[in-house]
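What follows is a short report on a single structure.
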Amino acid sequence: QVQLVESGGGLVQPGGSLALSCAASGRIFAINIMGWFRQAPGEERELVATITLAGTRNVANSMKGRFTISRDNSKNTVYLQMNNLKPEDTAVYYCYANLVSSNLFQSSDYWGQGTQVTVSS
């Protein structure tokens, strides 16, 4: 089984920082892209950031300059450094990966279970 496991969520004050990590495990042949999405109560899931195998980054406009995505290919792990957090950043953050497992010849999408990030004073 391929699994994505997030860690690092929690409660932080406005202006504070949190670092999320997500490790992919299982029978993985290759990971094409990894990233993060988030979903606030009553809202649609939205893109936070993605990073390709080659290291090309894409960060949502509202989070540019505050959030940084990185990737350690040797560990099949993606990170999200979140600085200057705002109350509107409160959401469940989901890890995402498009990868090829050893069981398939085509790439497939995988999602983590989500981790809660709450920004409140």
Side-chain angles (χ1 to χ4, degrees):
Q1 294 178 318
V2 173
Q3 292 184 323
L4 305 180
V5 180
E6 303 105 330
S7 63
L11 175 65
V12 65
Q13 293 182 326
S17 298
L18 282 175
L20 306 182
S21 65
C22 172
S25 63
R27 295 185 175 272
I28 299 170
F29 179 77
I31 302 178
N32 299 317
I33 186 170
M34 301 188 78
W36 298 89
F37 290 72
R38 71 184 187 185
Q39 187 168 19
E43 299 185 10
E44 299 291 328
R45 185 173 298 188
E46 67 173 340
L47 170 71
V48 175
T50 59
I51 184 168
T52 69
L53 180 63
T56 300
R57 295 171 171 84
N58 180 30
V59 181
N61 288 335
S62 65
M63 289 158 266
K64 288 181 179 178
R66 299 189 299 119
F67 291 8
T68 302
I69 188 169
S70 60
R71 176 174 177 171
D72 186 338
N73 294 329
S74 68
K75 298 179 180 179
N76 290 333
T77 299
V78 64
Y79 306 92
L80 184 69
Q81 178 65 48
M82 303 184 292
N83 297 325
N84 192 24
L85 284 161
K86 304 174 181 179
E88 50 263 45
D89 294 319
T90 296
V92 177
Y93 285 69
Y94 296 92
C95 181
Y96 162 82
N98 178 266
L99 58 83
V100 179
S101 72
S102 62
N103 193 43
L104 296 172
F105 292 103
Q106 295 181 317
S107 63
S108 300
D109 294 338
Y110 293 86
W111 295 89
Q113 79 285 354
T115 184
Q116 178 70 47
V117 172
T118 302
V119 184
S120 177
S121 60

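Everything quoted here is computed from the prediction, not taken from an experiment.
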Checklist entry - Is Ile28 reachable from Tyr110 through a run of I, L, V, M, F, W or Y residues, each pair having side-chain heavy atoms under 4.5 Å apart? => result yes
Checklist outcome for this item: In Ile31, Ile33, Leu53, the residue satisfying side-chain contact (heavy atoms from CB on, under 4.5 Å) with Asn98 is Ile33
Next on the checklist: Pair Val78, Ile69 - check side-chain contact (heavy atoms from CB on, under 4.5 Å), show working.
Outcome noted: CA-CA 7 Å; Val78 64; Ile69 188 169; 3.8 Å; yes
Next on the checklist: Please verify the inter-ring angle class for Tyr94 with Trp111; under 30° counts as parallel, over 60° as perpendicular, anything in between as tilted.
Outcome noted: perpendicular
Next on the checklist: Minimum heavy-atom separation for Ser62 and Arg38, please, with both atom names.
Outcome noted: OG-NH2, 4.3 Å
Checklist entry - Quick one: do the Glu46 and Gln39 side chains pair a donor with an acceptor below 3.5 Å? => result no
Next on the checklist: Side chains of Asn103 and Ser101: any donor to acceptor distance under 3.5 Å?
Outcome noted: no
Checklist entry - Looking only at heavy atoms, which two atoms of Arg66 and Asp89 are closest? And how far apart? => result NH1-OD2, 2.7 Å
Next on the checklist: Tell me whether Arg71 contacts the main-chain N or O of Thr52 through its side chain, where contact means a donor paired with an acceptor under 3.5 Å.
Outcome noted: yes
Checklist entry - Judged by modelled atom types alone, do Asp72 and Thr77 share a side-chain donor-acceptor pair under 3.5 Å? => result no
Next on the checklist: Could you measure the distance from the CG atom of Asn83 to the CG atom of Leu18? Nearest 0.5 Å is fine.
Outcome noted: 9.5 Å
Checklist entry - Is the number of heavy atoms from other residues, nucleotides or ligands under 6.0 Å of Glu88 CD greater than 12? => result yes
Next on the checklist: What I'd like to find out is whether the side chain of Leu20 reaches to under 4.5 Å of the side chain of Phe67, using heavy atoms alone.
Outcome noted: no
Checklist entry - So with a 6.0 Å cut-off around CZ of Arg27, is the heavy-atom count from everything else above 12? => result no
Checklist entry - Should Val92 and Val117 be marked as a side-chain contact (heavy atoms from CB on, under 4.5 Å) after you check the CA-CA gap, both sets of side-chain angles, and the distance that decides it? => result CA-CA 6 Å; Val92 177; Val117 172; over 6 Å; no
Next on the checklist: Restricting to non-hydrogen atoms, name the atom on Leu80 and the atom on Trp36 that form the minimum distance, rounded to 0.1 Å.
Outcome noted: CB-NE1, 3.5 Å
Next on the checklist: Using side-chain contact (heavy atoms from CB on, under 4.5 Å), reason through Leu99 and Val2 one step at a time and then give a plain yes or no.
Outcome noted: CA-CA 10 Å; Leu99 58 83; Val2 173; 3.9 Å; yes
Checklist entry - Taking the side chain from Gln81 and the backbone from Ala19, do they hold a donor-acceptor pair closer than 3.5 Å? => result no
Checklist outcome for this item: All heavy atoms of Leu104 vs all of Ser108, minimum pair found to be CD1-OG, 3.6 Å
Item to check | Heavy-atom side-chain proximity of Gln3 to Ser25 below 4.5 angstrom | outcome: yes
Checklist outcome for this item: OG (Ser107) and CG (Asp109) are apart, to the nearest 0.5 Å, by 7.0 Å
Checklist entry - With no hydrogens and no angle check, do the side chains of Thr90 and Thr118 hold a donor and an acceptor under 3.5 Å apart? => result no
Checklist entry - Which heavy atom in Pro14 sits nearest to a heavy atom in Ser121, and how many Å separate them? => result CD-N, 3.7 Å
Checklist entry - Shortest non-hydrogen contact from Ser7 to Ser21? => result OG-OG, 2.7 Å
Checklist entry - Can you check whether Gln113's main-chain N or O pairs, donor with acceptor, with Glu6's side chain at less than 3.5 Å? => result yes
Checklist entry - With under 30° as parallel and over 60° as perpendicular, where do the rings of Phe37 and Tyr96 fit, or are they tilted in between? => result perpendicular
Checklist entry - Transitively linked via ILVMFWY side-chain contacts under 4.5 Å: Tyr93 with Val12? => result yes
Checklist entry - How far apart are the C-alpha atoms of Val48 and Met63, what are their side-chain angles, what is the distance that settles it, and do they pass the side-chain contact (heavy atoms from CB on, under 4.5 Å) test? => result CA-CA 7 Å; Val48 175; Met63 289 158 266; 3.6 Å; yes
